[in-house]
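Quick note: residue numbers are just sequence positions, from 1.
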Amino acid sequence: MSEPAEQTPTNEIQEQAVRLGLDLSRLPQHVGIIMDGNGRWATQRGLPRLIGHREGYKTLRTVLLAANDLGIRYLTVYAFSAENWRRPQDEVRGLMDLITQAATDELRIMHQNNVRVLVAGRIHEVPEKLQRALKKGVETTRNNTGITFTLAINYGGRAEIVDAVKQLVRDGASPEEVDEDAIGKRLYLPEVPDPDLLIRTAGEMRLSNFLLWQSAYSELVVMPMPWPEFSTEALLEACLNFQRRVRKFGGVV
Ligand code: FPP
């Protein structure tokens with residue numbers, strides 16, 4: 001019997017995925033990533049933490065393009081949390097500069113690869129230069145039809161829910177009108193589906209305020225390597241792990 005059409009790999013990454021046993025017709029539609037361990041990666045090598053973030057940036061570029069080629073429709077990464085302002089000033093400034101540089105330098109390659117860029121978070125609070133770079137990225141790629149790549153910057157899951165509830169109050173909702181749909185519609189990116197798979201690197205088993213509302217039924221995969229050592233192979237392994245899970249959404253199978 002021939003393979004179903006959607007199983008036929010159309011590029012190298014899909015071929016690699018099928019060789020590993022992945023079912024291309026059951027990929028997670030939306031993958032979220034907590035890119036943890038940049039600092040530890042650097043410290044273990046006697047390097048400044050910012051070098052770890054720089055290596056993390058290179059990993060992100062590889063993983064984004066791999067996810068796009070694989071056929072994942074949405075990738076959301078935790079680039080800077082609402083709590084990360086508590087880090088030393090030098091590191092905060094370095095991270096803001098690095099994300100600004102990435103948003104500027106990578107725009108051409110993302111656009112060429114049909115990537116659509118979105119941002120989530122209290123973006124009005126980040127440096128103006130970064131705001132401008134993000135705005136340009138979102139506007140330039142708005143009609144692209146490949147992977148939707150969301151940068152969560154100055155993002156906090158609780159802050160997002162607070163912002164949605166504030167909007168509900170501004171909209172004059174009565175208690176009877178407050179339900180999951182009314183809140184969900186007022187989150188930062190209501191059009192983006194909930195993540196099916198959440199990956200966290202560097203071994204820590206917690207959500208750290210990432211996509212709290214949206215991750216209610218996400219499958220969590222914690223991987224031991226720090227983010228700079230994450231790779232296309234690790235992404236495929238996480239997807240394989242995801243495909244072994246039985247998703248019940250509170251029901252029975
Ligand atoms: C967590 O590692 C990582 C971050 C707070 C920042 C993530 C940023 C990047 C991957 C840099 C590039 C990003 C973009 C969007 C270009 P950590 O510093 O908390 O690591 P640690 O727990 O080992 O200290």
Side-chain angles (χ1 to χ4, degrees), residues 12-13 16-17 20 28 31-70 72 74-107 109-110 113 115 117 119 121 126 130 133-134 137 147 149-155 195 197-211 220-242:
E12 253 173 60
I13 286 182
Q16 192 182 348
L20 278 172
V31 176
I33 308 186
I34 302 175
M35 308 180 289
D36 195 18
N38 293 345
R40 271 165 284 173
W41 180 91
T43 308
Q44 278 161 10
R45 286 161 179 75
L47 299 167
R49 291 175 55 84
L50 266 175
I51 301 287
H53 295 312
R54 221 165 270 160
E55 282 301 308
Y57 161 24
K58 290 188 203 159
T59 303
L60 179 54
R61 181 196 291 141
T62 306
V63 169
L64 167 63
L65 297 178
N68 193 25
D69 284 351
L70 186 58
I72 288 169
Y74 297 85
L75 178 72
T76 300
V77 297
Y78 210 2
F80 192 90
S81 81
E83 289 73 34
N84 283 155
W85 299 108
R86 296 179 195 147
R87 294 188 173 209
Q89 250 196 9
D90 277 2
E91 184 171 344
V92 169
R93 198 174 312 121
L95 266 170
M96 289 295 152
D97 288 348
L98 185 62
I99 300 171
T100 308
Q101 183 201 330
T104 311
D105 293 355
E106 303 300 326
L107 180 54
I109 188 108
M110 287 196 283
N113 280 277
V115 174
V117 179
V119 287
V126 306
L130 175 54
L134 294 170
I147 196 167
F149 173 54
T150 303
L151 283 159
I153 299 174
N154 192 22
Y155 174 88
L197 168 62
L198 267 192
I199 301 172
R200 180 170 186 144
T201 56
E204 233 81 64
M205 300 203 193
R206 55 174 172 263
L207 283 178
S208 298
N209 207 11
F210 186 48
L211 301 178
L220 306 181
V221 172
V222 174
M223 305 197 73
M225 72 288 276
W227 175 249
E229 287 172 17
F230 195 80
S231 59
T232 303
E233 290 68 31
L235 175 68
L236 296 177
E237 193 187 321
C239 290
L240 259 180
N241 189 331
F242 168 80

Taking every heavy atom of Gly37 against every heavy atom of Pro226, the minimum-distance pair comes out as O-CB, 3.4 Å
Does a salt bridge link Glu55 with Arg45, judged by any charged N lying under 4.0 Å from a carboxylate O?
-> no
Crowding at CD, Glu12 (>12 non-hydrogen neighbours, <6.0 Å)
no
Can you find a heavy atom in the side chain of Leu207 that is under 4.5 Å from one in the side chain of Leu220? yes
Next on the checklist: Strictly distance-based, threshold 3.5 Å: is any side-chain N or O of Thr201 a donor or acceptor partner for the main-chain N or O of Asp36?
Outcome noted: yes
Rounded to the nearest 0.5 Å, the CG atom of Leu20 sits from the CG atom of Leu240 at a distance of 6.0 Å
Are any of the side-chain heavy atoms of Leu60 and Trp227 separated by less than 4.5 Å?
yes
| Going through the distances and angles, do Trp85 and Asn154 end up as a side chain to side chain contact (heavy atoms under 4.5 Å, CB included)? | CA-CA 8 Å; Trp85 299 108; Asn154 192 22; 2.8 Å; yes
**Item:** Short side-chain to backbone donor-acceptor contact, Arg200 and Arg206, under 3.5 Å
**Value:** yes
To the nearest 0.5 Å, atom CG of Leu70 lies from atom CG of Leu236 at 6.0 Å
Task: Any Tyr78 side-chain heavy atom under 4.5 Å of Asn209 side chain - done: yes
Of all heavy-atom pairs linking Leu197 and Ala238, the shortest is CD2-O, 4.0 Å
Tightest non-hydrogen contact, residues Thr104 and Ala133, listed as OG1-CB, 3.8 Å
Any side-chain heavy atom of Leu211 within less than 4.5 Å of one from Pro195?
yes
Taken to the nearest 0.5 Å, the spacing of Arg61 CZ from Met110 CE works out to 10.5 Å
TODO: Count the heavy atoms belonging to other residues, nucleotides or ligands that lie under 6.0 Å from CZ of Arg87, then report whether that count exceeds 12.
DONE: yes
inquiry  = Using side-chain heavy atoms (C-beta onward) and a distance below 4.5 Å, is Ile33 in contact with Val63?
reply    = yes
Of all heavy-atom pairs linking Ile72 and Pro28, the shortest is CG1-O, 3.8 Å
Rounding to 0.5 Å, atoms CG (Asp105) and OG1 (Thr100) come to a distance of 10.5 Å
Checklist entry - Any side-chain heavy-atom pair from Asn38 and Pro228 closer than 4.5 angstrom? => result yes
Q.
Less than 4.5 Å apart, side chain to side chain, heavy atoms only: is that true for Thr150 and Tyr74?
A. no
d(Leu95 CG, Asp90 CG) to nearest 0.5 Å is 11.0 Å
When rounded to the nearest 0.5 Å, the distance separating CE of Met223 from CD of Glu229 is 12.0 Å
Query raised in the report: Is the shortest heavy-atom distance from the side chain of Phe80 to the side chain of Met96 under 4.5 Å?
Result: yes
All heavy atoms of Phe230 vs all of Leu235, minimum pair found to be CZ-N, 3.6 Å
Inset, instruction - Check the pair Thr62, Thr232 against side chain to side chain contact (heavy atoms under 4.5 Å, CB included), reporting the backbone distance first and the verdict last. - result: CA-CA 7 Å; Thr62 306; Thr232 303; 3.8 Å; yes
Please answer whether the main-chain N or O of Asn68 pairs with a side-chain N or O of Asn113 as donor and acceptor at a distance below 3.5 Å. no
When every non-hydrogen atom of Ala79 is compared with those of Leu151, the smallest separation belongs to CB-CD2, 4.2 Å
